[in-house]
Asker: 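Please find one structure pasted underneath; my questions will follow.
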Protein chains: 2
Amino acid sequence: MLKLSKLTDYAVVALVRLGQKSEVTTSPVLSRSTGIPEPTVAKVLKILATQGIVSSQRGARGGYRLARPLEEISIAAVIQAIDGPISLTTCVDGGDCDARSTCGLGGQWDMVNAAIRHALSAITLADMKNHTVTDRLGGLHVPPMPDGPEATA
Amino acid sequence: MLKLSKLTDYAVVALVRLGQKSEVTTSPVLSRSTGIPEPTVAKVLKILATQGIVSSQRGARGGYRLARPLEEISIAAVIQAIDGPISLTTCVDGGDCDARSTCGLGGQWDMVNAAIRHALSAITLADMKNHTVTDRLGGLHVPPMPDGPEATA
DNA sequence: CATAATTGGACCAGAACAGTACTGTTTCCT
DNA sequence: AGGAAACAGTACTGTTCTGGTCCAATTATG
């Protein structure tokens, strides 16, 4: 379906929320403020920590914090952190393709991959937060939450 | 992994090959000329027929034929035919998202989806064929990719 | 009209993913 | 110090989806 994993979706949500507060935040708090199940959000944060997207603080009073400002994190980076490399086909450069000699289109997919990657790299998490481009949202859309309507959990 | 199904890859290969002959072609013939297993190529063509990408002729002496010239078929169309709609998340407009009220980013993904769709719509099957870099099959070299074929509209 | 060729649709097996749970390590607070 | 809180890593389970196979409907041909 050419859809990215739900984990990635969660990652973006959590990261945007995380970018709205400067102090470290724990998984349970993030879970409550985003609506994502606690184990899942914990898993996502864990992965993001290993990829350097967020920095973690262990121990009591620990939590997670954005390693970079939202403006510096592209959607592509998040996708690559969670879902792995962005390669539409297995026929990428270096990949093994048994029908390579007969398929006739060499590595044309690289062009497509590059296009996708470029489009995804141009959008940052800040773009996801600032509702700049999207007034055309016909449906229900959420008010731009002032600042953490939870935090006092 | 943000990769599309192998079926889609096969579809592109089969379509490009199909575009190189004007008469109707059967699945077995296409299988032999592409290297794709017969049942698989048959399945792919079947799906493409239902989506109107190719026209089919049942019965003896039947086969498949391109419904549109290669130049008129975009990669996006093929992907949508095989993999379904291009929607990176389930949170698209009209989709059901239980965490919609809390995720905080309304339908920002639509912007990302649109970017992807645009990038994919700009590449046609003719672009996949016409290509001059098919000479280096064994090597891994990325085609000229200045800044993305067309992603910045 | 019978036969053969070919598409059309349904079915089944395998893998990949999402989600959950558990255990271990680290750090703060009392 | 001792206990509690929170991250880190691993393992497991259930579900979904892709990929592949088989049988039925259809049509030209002899």
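First the proteins, then the strands, lettered A, B, ... as listed; each starts at 1.
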Asker: If you compare every side-chain N and O of B:Thr26 against the phosphate oxygens of C:dT7 (OP1, OP2), does one of them come in below 4.0 Å?
Answerer: no
Asker: Between the main-chain N or O of B:Ile86 and the side-chain N or O of B:Arg117, is there a donor-acceptor pair closer than 3.5 Å?
Answerer: yes
Asker: Where each residue is assigned the nucleotide of DNA chain C containing its nearest heavy atom, which of A:Gly59 and A:Thr8 is assigned the position nearer the 5′ end?
Answerer: A:Thr8
Asker: Using a 4.0 Å heavy-atom cut-off across all strands, classify B:Pro37 as base, sugar-phosphate, or nothing.
Answerer: nothing
Asker: Which pair of non-hydrogen atoms, one from B:Tyr64 and one from B:Ala42, has the smallest distance, and what is that distance?
Answerer: OH-O, 4.4 Å
Asker: For A:Ser56 and D:dA6, is the shortest distance between a side-chain N/O and OP1 or OP2 below 4.0 Å?
Answerer: no
Asker: Does a side-chain N or O from A:Arg61 land closer than 4.0 Å to OP1 or OP2 of D:dA6, or not?
Answerer: no
Asker: Does A:Tyr64 have a side-chain nitrogen or oxygen under 4.0 Å from the phosphate oxygens OP1 or OP2 of D:dA8?
Answerer: yes
Asker: Does C:dA18 have its OP1 or OP2 closer than 4.0 Å to a side-chain nitrogen or oxygen of A:Thr40?
Answerer: no
Asker: Quick one: is C:dG19 close enough that its OP1 or OP2 comes under 4.0 Å of any side-chain N or O from A:Tyr10?
Answerer: yes
Asker: Using a heavy-atom cut-off of 4.0 Å across all strands, would you classify B:Leu7 as base, sugar-phosphate, or nothing?
Answerer: sugar-phosphate
Asker: At what distance, to the nearest 0.5 angstrom, does CZ of B:Arg68 lie from CG of B:Leu125?
Answerer: 13.5 Å
Asker: Does C:dT26 have OP1 or OP2 sitting under 4.0 Å from an N or O in the side chain of A:Gln57?
Answerer: no
Asker: Can you list the residues that meet the side-chain contact (heavy atoms from CB on, under 4.5 Å) rule with B:Arg65, with sequence neighbours excluded?
Answerer: B:Val24, B:Ser55
Asker: Which residue, A:Ser5 or B:Thr25, contacts DNA chain C at a nucleotide closer to its 5' end, judged by nearest heavy atom?
Answerer: B:Thr25
